[in-house]
Enquirer: 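One structure is given below, represented as structure tokens, and several questions about it will come after.
Just the heavy atoms: all of them, side chains too, but no hydrogens, waters or symmetry mates, feed the values below.
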2 protein chains.
Amino acid sequence: MTAVDETPKRRGRPPAGGREAILAAALRVIRERGIARLTAREVASLAGVSEASVFYHYKDRFGLLQAVFEESLRPLRELAEGGVEPGSDPRSVLSLYGHTLEDFLDGVLPVIAAAQSDAELRDSMATYMAEDDLGPHRGVRAIGDYLRAEQAAGRVRGDVDAYAVAMMFIGSCYTRSSQRQMPMADVELPPLEDVIGAMVAMLAPDQRSV
Amino acid sequence: MTAVDETPKRRGRPPAGGREAILAAALRVIRERGIARLTAREVASLAGVSEASVFYHYKDRFGLLQAVFEESLRPLRELAEGGVEPGSDPRSVLSLYGHTLEDFLDGVLPVIAAAQSDAELRDSMATYMAEDDLGPHRGVRAIGDYLRAEQAAGRVRGDVDAYAVAMMFIGSCYTRSSQRQMPMADVELPPLEDVIGAMVAMLAPDQRSV
DNA sequence: GTCTATAGGTTGATAGAC
DNA sequence: GTCTATCAACCTATAGAC
């Protein structure tokens, strides 16, 4: 699938990126077959290493899963840290943020769902997310802050709760991504562009002031 | 909830509600400990029956899980079938629908997440949902249809895509419920009332026509 | 660092008594 | 309908050779 194979340049000692291969294999198993099928046998086979190698690199199953969580959550953490550059027009800001967020969610949501399969895993991930203050509220805060700034600048109508509006926007991204996770035939949700279009229209300052 | 119980016409043989107890126990295990801990032993112990009884009533683990899925999805199916009564003001319609939806999602999302733990379960549930045409799009359709009717009646501004707006609303409910699933400390998302307030304000017909 | 082999422990599912 | 007893299959994790 992902056309990323090691270059055959290496020669001599086999550093054998087994560690990364195992992590990637684990992630792939979770996404494609579900966390219930994530056994040392399955991962090792997919990564092209032995079962024992899995335990060597990641102590136990829980350790491997934690590594998968951190790896998967990292891009989301980076997105949360980077703010939204103010000044740009709402349409481009929402479009860029929305698409970026959905792409990240598409990658992370399967892993988050997998963590729900076991109370211990769930708590571990919740702790990890709490430490970095991750979650939908970060997106709401980012977009809400941006909208408030736009309101202050008079470019967005000021009589609505900016964070409530941000909640709607983030919610539509989250739901769209969630829905893609369950491969149900040809179900159509309003695309991001439509949501942005409606939002921009509704957020326009009172026409009389133009 | 739905006060629909069978008439107690049956007589003679003792029903011994082991079947329902098993189903309830399974649902509880999934919610509290995660589907990975759903073993015949655990379920039987919680239901107060023997392990073999679990297999007697539900053939195998897969059968039990399918029963749990159908049972959990039923209320959602009923919500999807019931439309939204038009004519009522947007605030009450959105409030009633939103709260009802979130309550249902709070109960169903853990089960949907559990189904993601195994490809076979996931596909089975996807099929089931596809058959009844379940999913967020039903909520979007219901609210979108309502908003279009309001637009036609001139009670809602007509220059926005009703279904895009509905998507925002359903999305905010879905995301809020999803977020409650992961017990992270004291994370605050804008409450339903704030979203409805902003939406009502933004959907008001052009002031000039008043 | 990576392998083979295996110990040790759970689990799903069945058989047969009551 | 429900139970006890049991087994084959599977999984995690470790030990020790290369």
Side-chain angles (χ1 to χ4, degrees), chain A residues 5-6 8-30 32-69 114-115 117-121 124, chain B residues 6 8 10-30 32-69 114-115 117-121 124:
Chain A
D5 264 22
E6 65 276 66
K9 285 177 188 172
R10 258 180 297 174
R11 163 167 61 140
R13 208 229 336 238
R19 204 184 157 84
E20 296 85 4
I22 292 170
L23 201 60
L27 194 54
R28 195 174 148 196
V29 170
I30 288 177
E32 296 178 3
R33 318 208 174 169
I35 194 175
R37 302 288 177 89
L38 185 113
T39 70
R41 207 179 302 262
E42 186 85 21
V43 170
S45 150
L46 235 154
V49 302
S50 78
E51 299 176 37
S53 197
V54 175
F55 294 100
Y56 173 80
H57 286 294
Y58 301 95
K59 195 191 173 196
D60 54 19
R61 199 182 118 107
F62 186 78
L64 172 59
L65 286 171
Q66 268 196 316
V68 170
F69 294 164
S117 69
D118 186 275
E120 201 175 351
L121 289 176
S124 160
Chain B
E6 66 274 65
R10 249 182 308 167
R11 122 177 97 130
R13 218 221 330 245
R19 204 183 158 84
E20 296 83 2
I22 291 170
L23 201 60
L27 192 54
R28 192 173 151 197
V29 170
I30 288 178
E32 295 177 4
R33 319 207 174 169
I35 193 175
R37 302 289 178 90
L38 185 114
T39 68
R41 207 176 302 262
E42 185 87 20
V43 170
S45 150
L46 237 154
V49 301
S50 79
E51 300 176 38
S53 193
V54 176
F55 293 100
Y56 172 79
H57 285 294
Y58 301 95
K59 193 189 172 199
D60 53 18
R61 200 180 117 105
F62 186 78
L64 173 59
L65 287 172
Q66 267 195 317
V68 171
F69 294 162
S117 69
D118 186 275
E120 201 175 352
L121 290 176
S124 160

Enquirer: Answer yes or no: is there an ion pair linking Asp118(A) with Arg33(B), defined by an N-O contact shorter than 4.0 Å?
Expert: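 No salt bridge links Asp118(A) with Arg33(B).
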Enquirer: Quick one: side chain to side chain donor-acceptor pair (under 3.5 Å) partners of Ser124(A), sequence neighbours excluded?
Expert: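 Here the qualifying residues are Gln66(A).
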Enquirer: For Glu42(B) and dT10(C), give me the distance from atom CD to atom C1', rounded to whole Å.
Expert: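 For the pair Glu42(B) CD and dT10(C) C1', the rounded distance is 13 Å.
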Enquirer: Sugar-phosphate means primed atoms, P, OP1 and OP2; the rest is base. With that split, encode nucleotides 4-18 of chain D 5' to 3' as B, S or - using protein heavy atoms under 4.0 Å.
Expert: B------BSBBB---
Enquirer: Is the shortest distance from a Lys or Arg side-chain nitrogen in Arg28(B) or Glu42(B) to a carboxylate oxygen in the other one below 4.0 Å?
Expert: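 Between Glu42(B) and Arg28(B) there is no salt bridge, as every charged N stays at least 4.0 Å from the carboxylate O atoms.
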Enquirer: Taking atom P of dT2(C) as reference, at what distance in whole Å does atom OH of Tyr58(A) sit?
Expert: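 After rounding, the gap between these two atoms is 11 Å.
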Enquirer: With sequence neighbours excluded, what pairs up with Glu51(A) under the side chain to side chain donor-acceptor pair (under 3.5 Å) test?
Expert: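 Per chain and number, Glu51(A) pairs via side chain to side chain donor-acceptor pair (under 3.5 Å) with no residue.
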Enquirer: Say whether, by atom type as modelled, one donor and one acceptor occur between the side chain of Arg19(A) and the main chain of His57(A) under 3.5 angstrom.
Expert: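 The answer is yes, because a donor-acceptor pair under 3.5 Å joins these two groups.
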